[in-house]
Colleague: 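Here's a structure for you.
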Amino acid sequence: MKHDAYGWHAGFYDRLYEPAAKILRDVGLTIFPPRENIAILDVGCGTGSQLALYRRAGCRLVGIDNSPAMLAVAKQKLGQAAELCIGDATRMPLAASRFDLISVVFVLHEMDPELRPVVLKECQRLLKPGGRIMLMDYHPGPFSKVMGKIWHLLIKLMEISAGRKHYGNYRDFIASGGLESLVADSPLHLVRRYVSEHGVTAIYLIAAR
């Protein structure tokens, strides 16, 4: 059986990380407001917090993750409101041209560098014509003078605690320019960009050309 990297802390993941992540998730709701009956996919859905934001609007929700433990928590949170499946973000077992919105939230920085553009290409395959991809992740700055540097240090410590490989991928993501360079090097185009007040996180809404 494949090792589940999130198996040991799936049960308390939300208590540790969700308070800070929710700030950016709420901004995402204003960038792409929910509409009834649109189809939404959350890639690396984890405990289902991103999908939960769109549940009340009557959206059709799908989540995919490679952690059985995280998906078990998501199932408890979402019940029958979402279709949840285990899978690899680079080869998702889903039909093409299916989704109006695909979200990828704090996932790309964890991945090996060569996999990130593959995931974006796979998201493009699953997107309906006129659909959007919403990326949320850490931002390489510049940071605000005091609080930005404090938040950046806290994020680094959190990433270090996740293990050497995880931290190595995070460092590469930041050093290579984060979402800005990833989107610039892809066949997708930027629709809207948001950078948080202290410069440590960002949202990129992108679409097929």
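Along the sequence shown, residues are numbered consecutively beginning with 1.
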Colleague: Mind checking whether Leu71 and Cys45 have side chains closer than 4.5 Å, heavy atoms only?
Modeller: yes
Colleague: Taking the side chain as every heavy atom from C-beta outward, state whether Leu41 and Ile64 have any pair of such atoms under 4.5 Å apart.
Modeller: yes
Colleague: Compare every heavy atom of Ile23 with every heavy atom of Pro19, then report the nearest pair and how far apart it is.
Modeller: O-CG1, 3.8 Å
Colleague: What's the separation between atom CZ in Arg164 and atom CZ in Arg171, rounded to the nearest 0.5 Å?
Modeller: 11.5 Å
Colleague: When you compare the side chain of Asn169 with that of Pro113, does any pair of heavy atoms fall below 4.5 Å?
Modeller: yes
Colleague: If you look at every heavy atom in Val191 and Ala207, which pair is closest and at what distance?
Modeller: CG2-CB, 3.8 Å
Colleague: Quick one, Ser97 and Leu127 - any side-chain contact, counting heavy atoms below 4.5 Å?
Modeller: no
Colleague: Calculate, to the nearest 0.5 Å, the distance between atoms CD1 and CG belonging to Ile206 and Leu190 respectively.
Modeller: 8.0 Å
Colleague: How close do Ile38 and Arg35 get, heavy atom to heavy atom, and via which atoms?
Modeller: CG1-O, 3.1 Å
Colleague: Does some side-chain heavy atom of Lys77 sit less than 4.5 Å from a side-chain heavy atom of Ser49?
Modeller: yes
Colleague: Should we count NZ of Lys156 as having more than 12 external heavy atoms under 6.0 Å?
Modeller: no
Colleague: What pairs meet the salt bridge (charged side-chain N to carboxylate O under 4.0 Å, His left out) rule with one or both residues in residues 115-125, with sequence neighbours excluded?
Modeller: Arg116-Asp172, Glu122-Arg125
Colleague: Where do Tyr194 and Thr30 land on the side chain to side chain contact (heavy atoms under 4.5 Å, CB included) test, with the steps shown first?
Modeller: CA-CA 11 Å; Tyr194 165 87; Thr30 68; over 6 Å; no
Colleague: Which value, rounded to the nearest 0.5 Å, describes the distance between Leu115 atom CG and Glu110 atom CD?
Modeller: 12.0 Å
Colleague: Could you list all the salt bridge (charged side-chain N to carboxylate O under 4.0 Å, His left out) pairs where at least one residue sits in residues 89-100, not counting sequence neighbours?
Modeller: Glu83-Arg98, Asp88-Arg91, Asp100-Lys128
Colleague: Is Leu153 isolated, or which residues cluster with it under the ILVMFWY side-chain rule of less than 4.5 Å, directly or via members?
Modeller: Leu157
Colleague: Any side-chain heavy atom of Ile155 sitting closer than 4.5 Å to one from Tyr170?
Modeller: yes
Colleague: Kindly compute the distance separating NZ (Lys75) from CG (Leu78), expressed to the nearest 0.5 Å.
Modeller: 8.5 Å
Colleague: Could you check Val104 against Met136 for side chain to side chain contact (heavy atoms under 4.5 Å, CB included), going step by step and ending with a plain yes or no?
Modeller: CA-CA 6 Å; Val104 188; Met136 299 186 195; over 6 Å; no
Colleague: For Ser144 and Val146, indicate whether the former's side chain and the latter's backbone hold a donor-acceptor pair under 3.5 Å.
Modeller: no
Colleague: Shortest non-hydrogen contact from Asp65 to Gly44?
Modeller: OD2-C, 3.2 Å
Colleague: Any donor-acceptor pair under 3.5 Å linking the side chain of Arg132 with the backbone of Gly130?
Modeller: yes
Colleague: Assess the residue pair His139 and Leu179 against the criterion (side chain to side chain contact (heavy atoms under 4.5 Å, CB included)); give the C-alpha distance rounded to whole Å, side-chain angles, the decisive distance to 0.1 Å, and a yes or no.
Modeller: CA-CA 7 Å; His139 189 63; Leu179 295 176; over 6 Å; no
Colleague: Under 4.5 Å between side-chain heavy atoms, hopping through other hydrophobics if needed: is there a path connecting Val118 to Ile102?
Modeller: no
Colleague: Please identify each residue that fulfils side chain to side chain donor-acceptor pair (under 3.5 Å) with Arg193, with sequence neighbours left out.
Modeller: Glu180, Tyr204
Colleague: Measure the CG-CD1 distance between Leu135 and Ile203 for me, rounded to the nearest 0.5 Å.
Modeller: 10.0 Å
Colleague: For Ile133 and Gln124, work out which heavy atoms get closest and say how close.
Modeller: CD1-N, 4.1 Å
Colleague: Any carboxylate oxygen within less than 4.0 angstrom of a Lys/Arg side-chain nitrogen, looking at Arg25 and Glu18?
Modeller: yes
Colleague: Should Val195 and Trp151 be regarded as members of a common hydrophobic cluster, given that ILVMFWY residues are connected when their side-chain heavy atoms come within less than 4.5 Å of each other, either directly or indirectly?
Modeller: no
Colleague: Is a side-chain N or O of Asp112 found less than 3.5 angstrom from the main chain of Glu114, in a donor-acceptor match?
Modeller: no
Colleague: Checking Asp137 side chain against Leu108 main chain: does a donor-acceptor pair fall under 3.5 Å?
Modeller: yes
Colleague: From Thr47 OG1 over to Met70 CE, what is the distance, rounded to the nearest 0.5 angstrom?
Modeller: 5.5 Å
Colleague: What pairs with Thr201 under side chain to side chain contact (heavy atoms under 4.5 Å, CB included), at least two apart in sequence or on another chain?
Modeller: Leu24, Phe106, Tyr138, Ser196
Colleague: In sequence, state the C-alpha distance, the side-chain angles, and the governing distance for Cys123 and Val43, and then conclude on side chain to side chain contact (heavy atoms under 4.5 Å, CB included).
Modeller: CA-CA 9 Å; Cys123 288; Val43 178; 4.1 Å; yes
Colleague: Which pair of heavy atoms, one from Val200 and one from Gly148, lies closest together, and at what distance?
Modeller: CG1-O, 3.5 Å
Colleague: For the aromatic rings, using the six-membered ring if either is Trp, is the centroid distance between His152 and His198 under 6.0 Å?
Modeller: no
Colleague: Check for a donor-acceptor pair, side chain of Asp42 on one end and backbone N or O of Gln50 on the other, with a separation under 3.5 Å.
Modeller: no
Colleague: Tell me, please, which residues at least two apart from Leu61 pass side chain to side chain contact (heavy atoms under 4.5 Å, CB included).
Modeller: Ile40, Leu51, Tyr54, Arg55, Cys59, Ala82
Colleague: Does any N or O in the side chain of Arg60 come within less than 3.5 Å of the main-chain N or O of Asn37, such that one atom is a donor and the other an acceptor?
Modeller: yes
